[in-house]
Amino acid sequence: MIPPAIQRPALRFAPSPNGLLHLGHALSALLNADMAGALGGRFLLRMEDIDVIRCTPEFEQAIYDDLAWLGLDWERPVRRQSEHLDAYRAALDDLIARGLAYPAFMTRGEVKAHVATMEAAGGKQGAPWPRDPDGALRYPPVDRERSGDERRRMIDEGTRHAWRLDMLRALKECGGTLSWTETGDGETGIIAADPAAWGDVVLWRSDAPSSYHLSVTVDDAAQGITHVVRGLDLFHATSVHRVLQTLLGLPAPVYYHHRLILGPDGRKLSKSEGDTGLSALRAEGATSADIRRLVGL
Ligand code: GLU
């Protein structure tokens, strides 16, 4: 018998074309490409462009220009999330049909107001409302507890809604504990996932289709990604991705969460910081070798 083909390693750099790349992106892209080379694997690109208002073709082109200037080459065609909404919707519909996702009707303002009321009712002894690992208020259980009839009525009435994962049910369905293999710049080894810390994460927004968590999970599988190399700011999000991978029957890549490049003020770089933008550095005469040095490679 012919032995099964061993999947060729595949890595991806997945920027959002909603701004110019900075040094933090350069580190991520270079690490992905270097590791793909070292593993004899593929280097793929993915445009995380679901937010059609903030993502533009100009920013997308600027990303290609910057990456080419860095000396990188990637497989074509590039996967654009905006072209795969059907795949994310199919994954969402699957979760809805299995009773693992529910319509969430509260706006951000309503969540805040609800939490303020609950905290006030708890008095001085009341514990503060739990926050997710990103510091956002966890979604209240109000909508999760609605009956099927009520949900249908509200949807039929045209009430704006997102879709959220019913995390408790999801974890029951996954059974046992989830973990991932981490090889990055922080904690390494087998990491126990803690998805409950996130609460009922959003899967589909009322104003923009699909969420980061759902699309990244579907895409990594669709692109055959074996090694996810990305910033340490997404370390805890991996817990959510492991849940979705398990529910959707998708393989788990190995993860490498890399150190972040901080600005002079010690904060994470953001796309609006012109001084660390790659195109600005290029215009000042920097070379790709300078960029490698600047990011410590
Ligand atoms: N699009 C995300 C970002 O620009 C990266 C997503 C990922 O690597 O999982 O931060």
Side-chain angles (χ1 to χ4, degrees), residues 10-36 42-56 59-60 62-64 66-67 72 74 78-84 88 91 133-134 180-186 191 193 195 198 201-203 205 208-245 250-263 267-273 276-278 295:
L11 290 79
R12 81 326 191 257
F13 175 55
S16 284
N18 58 8
L20 297 171
L21 297 189
H22 54 57
L23 285 174
H25 297 109
L27 173 63
S28 212
L30 288 165
L31 276 176
N32 268 289
D34 288 358
M35 288 187 199
R42 306 162 62 200
F43 175 50
L44 306 175
L45 209 52
R46 177 162 81 228
M47 288 296 152
E48 303 218 323
D49 63 348
I50 284 180
D51 181 350
V52 287
I53 311 230
R54 290 170 62 223
C55 295
T56 68
F59 284 135
E60 184 175 329
I63 290 174
Y64 298 139
D66 283 343
L67 295 181
L72 303 184
W74 55 91
V78 168
R79 184 176 174 96
R80 279 202 198 89
Q81 290 190 328
S82 57
E83 293 169 357
H84 297 277
Y88 315 133
D134 279 349
W180 77 88
T181 303
E182 177 65 47
T183 58
D185 294 334
I191 308 289
W198 288 93
V201 290
V202 68
L203 298 174
R205 298 185 181 283
S210 199
S211 73
Y212 162 67
H213 295 307
L214 185 61
S215 37
V216 81
T217 302
V218 169
D219 285 340
D220 282 338
Q223 290 188 290
I225 300 301
T226 56
H227 298 69
V228 169
V229 178
R230 62 185 177 194
L232 268 168
D233 52 336
L234 291 169
F235 183 89
H236 293 293
T238 311
S239 288
V240 177
H241 303 165
R242 288 293 300 117
V243 172
L244 293 174
Q245 286 158 0
L250 305 174
V254 171
Y255 288 85
Y256 184 114
H257 290 94
H258 61 72
R259 63 195 159 81
L260 299 175
I261 305 277
L262 302 178
R267 292 218 321 260
K268 208 183 109 186
L269 298 182
S270 88
K271 285 193 168 114
S272 52
E273 280 164 285
T276 50
L278 296 187
V295 299

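Note that ligands are numbered from 1 as they come in the structure, with each ligand's atoms numbered from 1 the same way. Treat the numbers as computed from the prediction; the structure is a model and nothing was measured.
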query = With ring centroids as reference points, do H213 and W198 lie under 6.0 angstrom apart?
reply = yes
query: Do the ring planes of H25 and H22 sit parallel (below 30°), tilted (30 to 60°) or perpendicular (above 60°)?
result: tilted
| request: Can you label the angle between the Y64 ring and the W74 ring as parallel, tilted or perpendicular, going by 30° and 60°? | output: parallel
Using a plain distance cutoff, I'd like to know if H25 has any nitrogen or oxygen under 3.5 Å from a nitrogen or oxygen of ligand 1. no
Looking only at distances, please establish whether an N/O atom of ligand 1 is found under 3.5 Å from an N/O atom of L234.
no
Numbered atoms and elements of ligand 1 in range of [X], under 4.0 angstrom, heavy atoms:
X: E48; result: 1 (N), 2 (C), 5 (C), 6 (C)
X: V216; result: 9 (O)
X: R12; result: 7 (C), 8 (O), 9 (O)

- prompt: Does Y212 come within less than 4.0 angstrom of ligand 1, counting non-hydrogen atoms of the residue?
  reply: yes
Do the side-chain N and O atoms of Q223 and R79 include a donor-acceptor pair separated by under 3.5 angstrom? no
| field | Residues R230 and H258: side-chain donor-acceptor under 3.5 angstrom | value | no
